[in-house]
Amino acid sequence: MKNIKTIVLSNQEISPGYFRMKILSPGYCESAQPGQFVMFRVQRSLPPLLRRPFGIFRAGFLPADCDDMPAKEFIEIIYKVVGSGTEIMEGLHHGDPVELLGPLGEGFDLGAPEEEKILVGGGIGLVPLYMLAEKMVENSKVRLLMGGRTRDDIITVTEFERLGVETYVSTEDGSLGEEGLVTRVLERKLDKYPNAAVFACGPMPMIEAVQKICDSRGTSLQVSLEALMACGVGACLGCVVKGEGHSDAEPRYLCTCTSGPVFRAEELNWEKEAANNSECGGCK
Amino acid sequence: MKNIKTIVLSNQEISPGYFRMKILSPGYCESAQPGQFVMFRVQRSLPPLLRRPFGIFRAGFLPADCDDMPAKEFIEIIYKVVGSGTEIMEGLHHGDPVELLGPLGEGFDLGAPEEEKILVGGGIGLVPLYMLAEKMVENSKVRLLMGGRTRDDIITVTEFERLGVETYVSTEDGSLGEEGLVTRVLERKLDKYPNAAVFACGPMPMIEAVQKICDSRGTSLQVSLEALMACGVGACLGCVVKGEGHSDAEPRYLCTCTSGPVFRAEELNWEKEAANNSECGGCK
Amino acid sequence: MSENKKIQPQMSVEVAGLKLKNPIMPASGTFGYGEEYAPYLDLNQLGAVVTKGMSLNPKAGNNTPRICETVSGMLNAIGLQNVGVDAFIKHKMAYLEQYDTPVIVNFFGNTQDEYGEVAARLDDVPGVSALEMNISCPNVKHGGIVFGTDPAAAFEVVSLVRKRTSKPLIVKLTPNVTDIQITARAAEEAGADALSLINTLTGMAVDVKTRKPRLANTIGGLSGPAIRPIAVRLVHQVVQAVKVPVIGIGGISRAMDALEFLIVGAKAVQVGTANFVDPNAMATIIADLEQFCCEEGIADINELIGSLEL
Amino acid sequence: MSENKKIQPQMSVEVAGLKLKNPIMPASGTFGYGEEYAPYLDLNQLGAVVTKGMSLNPKAGNNTPRICETVSGMLNAIGLQNVGVDAFIKHKMAYLEQYDTPVIVNFFGNTQDEYGEVAARLDDVPGVSALEMNISCPNVKHGGIVFGTDPAAAFEVVSLVRKRTSKPLIVKLTPNVTDIQITARAAEEAGADALSLINTLTGMAVDVKTRKPRLANTIGGLSGPAIRPIAVRLVHQVVQAVKVPVIGIGGISRAMDALEFLIVGAKAVQVGTANFVDPNAMATIIADLEQFCCEEGIADINELIGSLEL
Ligand SMILES: Cc1cc2nc3c(=O)[nH]c(=O)nc-3n(C[C@H](O)[C@H](O)[C@H](O)COP(=O)(O)OP(=O)(O)OC[C@H]3O[C@@H](n4cnc5c(N)ncnc54)[C@H](O)[C@@H]3O)c2cc1C
Ligand SMILES: Cc1cc2nc3c(=O)[nH]c(=O)nc-3n(C[C@H](O)[C@H](O)[C@H](O)COP(=O)(O)OP(=O)(O)OC[C@H]3O[C@@H](n4cnc5c(N)ncnc54)[C@H](O)[C@@H]3O)c2cc1C
Ligand SMILES: Cc1cc2nc3c(=O)[nH]c(=O)nc-3n(C[C@H](O)[C@H](O)[C@H](O)COP(=O)(O)O)c2cc1C
Ligand SMILES: Cc1cc2nc3c(=O)[nH]c(=O)nc-3n(C[C@H](O)[C@H](O)[C@H](O)COP(=O)(O)O)c2cc1C
Ligand code: FES
Ligand code: FES
């Protein structure tokens with residue numbers, strides 16, 4: 001957990017509207033856990049005022065410049081251009097100065113070794129699942145169900161397959177893989193592997209549907225959530241979600257940035273959360 | 001007078017802290033008069049909020065791409081990096097989108113042909129004198145007295161000399177040309193050419209000293225002034241200077257953007273103006 | 001989507017009996033007398049033109065510096081410089097009359113009587129479609145400030161002006177108050193046909209090198225994008241407090257910004273500081289508003305007004 | 001210049017009897033309980049630490065969304081979520097006590113008695129250097145708003161708290177008033193040892209697609225660089241109205257910003273939203289302030305305070 005002033009190494013469009021950015025990030029290879037995120041400062045000056053939260057896609061070492069220098073560490077983030085901040089990010093180039101606060105938050109619990117793992121990623125929700133898969137494939141069978149509206153939303157398939165992950169693609173318009181929602185695939189897989197543990201990240205409606213499915217089957221579920229964040233460190237209390245047992249009379253709020261972004265399904269209040277989050281609609 | 005959405009053609013540092021920017025500017029060759037300025041929109045998004053006023057250094061035609069296309073027009077501005085807006089300008093490259101409102105304001109009156117002309121430019125104040133000299137050399141002897149704090153502030157000497165202008169350089173620290181203030185040179189030249197007309201642009205203390213000298217000798221003087229500007233078109237009334245006959249009881253304000261930036265010395269109120277403008281100190 | 005024949009949405013709105021082509025007009029003091037911006041913008045496109053504030057006698061305004069840029073905003077202390085109402089009628093109205101666009105004349109006074117007198121002189125001027133009464137300018141010591149921040153004084157001066165004009169009367173409110181609903185109701189009860197808000201917020205900036213205020217007047221009015229959230233809140237509150245139509249003002253530079261005000265219930269909006277940044281801003285806003293209505297399937301912009309979902 | 005031996009300027013200031021290493025401290029609610037920012041910033045460097053606002057009972061806060069970015073600012077309607085004063089004393093103070101930095105505890109109440117009770121509970125807590133009384137939060141319907149905008153109510157509640165604490169008492173004022181000098185004087189007369197201002201300005205933003213307010217609470221508090229000119233003006237006015245020291249707050253992100261407040265007469269300043277943008281912001285401001293003093297030949301930062309030239 002620290003703030004580093006660093007530079008962009010590369011920034012490439014990998015699918016219409018989706019960019020992959022490599023950032024020089026000393027210290028991240030050792031410290032970053034699957035599911036953690038960074039608060040990214042787009043540029044030194046305004047706008048935007050606030051940092052933007054992004055999941056860590058992967059951390060790694062650059063090929064060393066020469067033998068006796070320590071290898072340089074980087075992280076990659078993958079972002080979808082949706083508003084003012086990501087529009088500016090789109091224009092960043094190699095060498096541009098940026099700041100990273102992180103790695104932040106509680107990531108995924110890897111679960112028992114040998115257990116069957118099913119990862120469910122909707123669109124940009126794939127991002128935090130990559131590091132998770134990287135760790136899991138060491139001792140578990142990992143299946144990844146990828147969903148999106150169109151084929152443009154299906155990103156980094158090859159990267160997951162290279163890890164040895166079995167991938168299943170579905171799109172709402174049928175332009176890639178199976179036509180339909182990723183949750184239909186999930187139900188089929190759970191029929192086949194009833195003891196699998198599920199790890200999901202994606203838009204709230206998907207998360208909710210996944211939760212219903214897992215809840216009805218007693219399947220273990222961890223979800224990674226998004227929330228509007230100002231600080232990322234638990235100071236502003238802007239990013240809360242309703243926790244298990246929350247009621248209007250006895251509210252129980254958890255910070256997404258410090259208690260999350262990954263939660264066990266049991267930690268959260270599902271009835272309330274739905275209505276609430278769909279109200280949000282981002283904040284332009 | 002129009003607002004054009006255009007692009008930067010080039011942007012180069014010509015002396016430490018001074019940049020010369022070429023901008024594609026259809027229509028300017030015919031319309032721009034010596035002493036006029038543009039309101040330059042640094043970038044489409046904030047910051048800065050307001051446009052920045054810059055004198056037009058020169059207008060010209062680009063070499064035609066092919067024979068049957070009309071030649072493209074450009075203007076050049078020269079700016080000193082002093083604050084938030086010019087710092088962003090420093091980073092602009094070929095092809096970057098900018099907006100120009102102009103040409104604006106009342107420029108110089110060229111004066112009688114054959115009359116001796118003395119131009120006095122302090123630092124960045126040289127900018128509006130170039131187009132003036134271009135026109136004047138056609139039928140007058142033109143001498144240019146350039147002043148600056150150090151030699152870094154003496155810019156575009158060669159350009160003026162190429163026009164056939166006789167140039168005299170003085171710097172406060174003696175690092176280039178004569179050591180001392182440009183006004184000392186002015187007095188010597190006026191001793192020698194007592195009927196010359198003077199045209200001055202530069203920092204307010206210089207302008208005031210020039211005015212005193214010309215006033216005491218009855219020399220004709222035109223000055224180009226700077227003022228804080230929001231609109232550049234006479235709408236906000238932010239850019240006023242005190243006109244001749246101004247008093248607290250009967251205030252007379254003139255808009256620098258529409259009645260100026262070039263004024264005949266007789267149009268202005270000199271006692272008040274001094275105290276007032278030194279208060280300003282820019283607005284960071 | 002693209003196959004559907006695009007239906008031209010109905011953009012006109014009615015405010016204080018004026019039928020406007022669309023809800024977009026300039027804010028007083030940021031558009032001169034109209035003429036200054038005519039080279040850049042077809043005044044016939046606008047919902048209305050709103051002039052610089054007029055007083056009984058010509059006013060010279062404040063010392064310089066009068067303006068200063070701030071973060072996403074600007075301060076001004078122009079001091080209500082204007083040619084005076086008589087010169088305006090004689091020299092500036094003829095120009096505006098050639099356009100097919102309502103002219104709203106902004107005015108103020110140093111005393112109640114001056115307010116009344118200016119209103120009276122404008123009353124029978126042809127081409128003046130409505131009056132906008134500035135009871136809120138923070139720049140002039142003996143100007144609007146007293147009226148706009150004291151509900152009783154506001155009620156009195158608006159009542160008096162109401163008696164001296166038969167034109168539609170728009171009262172422009174100051175944001176620098178504890179409870180704007182009180183002044184809004186006072187103005188309504190005194191006979192305002194519409195309310196416009198906000199005028200600038202009082203602000204100040206300091207040059208840390210010279211240790212002097214950046215404005216000769218020390219204090220000035222803050223405008224521009226920075227103040228928009230405050231303006232939206234105040235318009236929201238006023239819409240709930242009164243029955244007369246409300247014109248929203250404050251930090252509008254884009255159609256999205258204008259929409260916030262319309263959605264909370266403003267019948268029309270004024271664009272101020274944005275004109276300085278882009279002399280064509282209002283034309284772009286009008287076009288983008290239409291585009292938004294098309295995309296969202298809104299046949300009449302009035303459907304949007306007050307459509308806030310709480 | 002560079003040949004001169006650089007003399008270390010004297011940076012410490014005194015506010016309400018507290019001696020601060022320098023005039024920089026966080027603003028309540030933007031720095032958690034201190035601990036959250038300790039990985040990024042040495043708390044020993046700060047003039048003081050100011051905690052999140054405490055109430056008698058734990059408070060859950062508002063529904064989400066609670067925050068929203070605006071142009072050069074942000075809106076928040078956290079709803080004063082906090083662990084309650086007892087839990088704070090038990091669990092959070094020990095952490096802060098390890099630092100050699102004064103701890104200012106911000107607090108509020110829903111009623112006069114609650115205000116008094118919280119103050120009383122904090123009174124004998126070792127390590128609590130001063131209390132900052134929030135009479136101005138716009139987020140909670142039955143919270144500070146009534147007290148902060150009504151001078152009589154402000155006088156009463158501050159008087160009551162004054163009786164229940166022997167600690168230095170800082171009263172934090174709301175900017176959402178017509179005349180802040182009146183509330184400032186009321187707080188001073190009621191026994192405040194210092195005043196801090198400004199709390200957030202009330203604002204609102206709308207999602208034009210969903211037509212819903214961007215905050216679940218509809219209205220929130222605007223903070224960040226956008227509000228600085230308003231804050232500087234208010235501090236300037238309060239400094240002229242009272243004798244007690246004033247702490248300036250509002251949109252400070254850089255040393256230059258802090259200097260504006262010091263020059264108009266603030267004895268110290270608080271940094272709020274800027275902490276979110278850069279967790280190291282206060283350290284940078286402190287270093288740059290020192291640098292500024294060196295460059296300008298200022299031997300003691302107190303020379304700068306109130307040095308505005310009018
Ligand atoms: C823990 C976490 C991890 C995330 N990981 C990724 C990722 O790997 N890739 C990716 O593309 N996106 C990710 N997001 C969402 C990403 O933060 C937003 O898409 C981004 O902030 C949008 O910024 P903008 O300026 O383009 O949009 P704007 O809408 O202009 O932003 C305005 C404000 O709303 C906030 N905001 C807008 N959308 C979201 C959102 N969906 N979630 C949270 N805040 C939002 C912004 O941070 C900003 O404060 C993540 C969000 C969180 C909370
Ligand atoms: C008619 C006219 C012609 C000019 N021509 C030139 C030129 O050819 N080359 C050049 O380098 N400069 C010129 N200037 C000055 C130039 O406009 C300022 O240096 C520039 O605006 C500074 O912007 P900034 O954002 O870097 O500075 P900041 O100090 O950050 O600007 C803050 C605000 O103050 C204004 N401002 C600051 N300094 C000045 C100034 N000296 N005059 C007017 N406004 C100022 C800015 O426009 C802006 O609104 C001219 C000014 C005027 C009025
Ligand atoms: C330079 C300037 C001059 C102004 N003059 C007047 C005026 O004469 N009368 C008036 O009622 N408001 C005046 N205003 C206030 C604007 O009409 C408007 O209410 C305010 O600027 C907020 O809108 P904006 O943020 O879009 O600029 C002036 C504003 C500016 C910036
Ligand atoms: C997220 C957030 C929470 C806040 N919580 C409190 C609080 O609990 N008590 C309080 O007195 N002020 C609170 N404030 C107000 C700040 O202390 C400060 O007065 C205001 O943000 C202006 O300063 P800034 O512009 O530097 O942020 C809060 C502000 C923010 C942004
Ligand atoms: S983002 Fe600030 S507490 Fe989570
Ligand atoms: S800059 Fe607006 S009137 Fe001159």
Side-chain angles (χ1 to χ4, degrees), chain C residues 68 70-75 138 148-150 174-179 183 201-214 218-222 224-237 251 253 255-264 292 296 304 307-310, chain D residues 68 70-75 138 148-150 174-179 183 201-214 218-222 224-237 251 253 255-264 292 296 304 307-310:
Chain C
C68 155
T70 64
V71 179
S72 299
M74 67 178 278
L75 287 168
T149 55
D150 173 352
T174 170
N176 302 299
V177 293
T178 307
D179 186 345
T183 15
L201 284 145
T202 321
M204 173 177 176
V206 177
D207 184 323
V208 301
K209 291 270 169 135
T210 64
R211 306 202 198 157
K212 286 185 182 167
R214 289 198 181 278
T218 304
I219 280 178
L222 185 66
I227 68 169
R228 197 171 71 240
I230 302 170
V232 172
R233 185 262 301 182
L234 288 162
V235 169
H236 173 65
Q237 290 178 327
S253 342
M256 287 301 189
D257 306 341
L259 281 164
E260 288 196 72
F261 287 89
L262 298 175
I263 290 170
V264 301
F292 179 88
E296 299 282 311
L304 266 171
S307 64
L308 183 72
E309 290 185 25
L310 284 180
Chain D
C68 155
T70 64
V71 180
S72 299
M74 67 177 279
L75 288 167
T149 55
D150 173 353
T174 169
N176 302 298
V177 293
T178 307
D179 186 346
T183 16
L201 284 144
T202 320
M204 174 177 175
V206 177
D207 183 325
V208 303
K209 291 270 167 133
T210 64
R211 307 203 197 156
K212 287 184 182 166
R214 289 197 182 279
T218 305
I219 281 177
L222 185 66
I227 68 170
R228 198 174 69 240
I230 302 170
V232 172
R233 184 262 301 181
L234 288 162
V235 169
H236 173 65
Q237 291 178 327
S253 342
M256 288 299 190
D257 306 340
L259 280 164
E260 288 197 70
F261 287 89
L262 297 175
I263 290 170
V264 299
F292 179 88
E296 300 281 312
L304 266 171
S307 64
L308 183 71
E309 289 186 23
L310 284 181

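To find a chain, count down the sequence lines: A is the first, B the second, and so on, and within it residues start at 1.
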| field | Toward chain C, the part of D:Leu308 with a non-hydrogen atom under 4.5 Å | value | both
| When heavy-atom pairs shorter than 4.5 Å are enumerated against chain D, which of C:Ser72, C:Pro229, C:Gly203 gives the highest number? | C:Pro229
| field | Contact winner vs chain C - D:Gly73, D:Ser307, D:Ala205, heavy-atom pairs under 4.5 Å | value | D:Ser307
| Tell me, side chain or backbone of D:Phe261 under 4.5 Å from chain C's heavy atoms, or both, or neither? | neither
| field | Which portion of D:Leu259 sits near chain C, non-hydrogen atoms under 4.5 angstrom | value | both
| query | Roughly how far, to the nearest 0.5 Å, is NZ of C:Lys212 from CD1 of D:Ile263? | reply | 12.5 Å
| task | Please determine which of C:Ile230, C:Asn176, C:Thr70 meets the side-chain contact (heavy atoms from CB on, under 4.5 Å) test together with D:Ile230. | result | C:Ile230
| Are C:Val264 and D:Met204 side-chain neighbours, meaning at least one heavy-atom pair lies under 4.5 Å? | yes
| query | Quick one: are C:Glu296 and D:Val208 in side-chain contact, heavy atoms under 4.5 Å? | reply | no
| task | Could you please spell out the steps behind the side-chain contact (heavy atoms from CB on, under 4.5 Å) verdict for C:Arg211 and D:Leu304? | result | CA-CA 9 Å; C:Arg211 306 202 198 157; D:Leu304 266 171; 3.5 Å; yes
| field | Side-chain touch C:Arg233/D:Leu222, heavy atoms, less than 4.5 angstrom | value | no
| request: Taking the side chain as every heavy atom from C-beta outward, state whether C:Ile219 and D:Gln237 have any pair of such atoms under 4.5 Å apart. | output: yes
| Measuring heavy-atom distances to chain C, does D:Thr218 have an atom under 4.5 Å in its side chain, in its backbone, in both, or in neither? | side chain
| query | In terms of side-chain heavy atoms, does D:Thr178 have a donor or acceptor partner in C:Thr149 at a distance below 3.5 Å? | reply | no
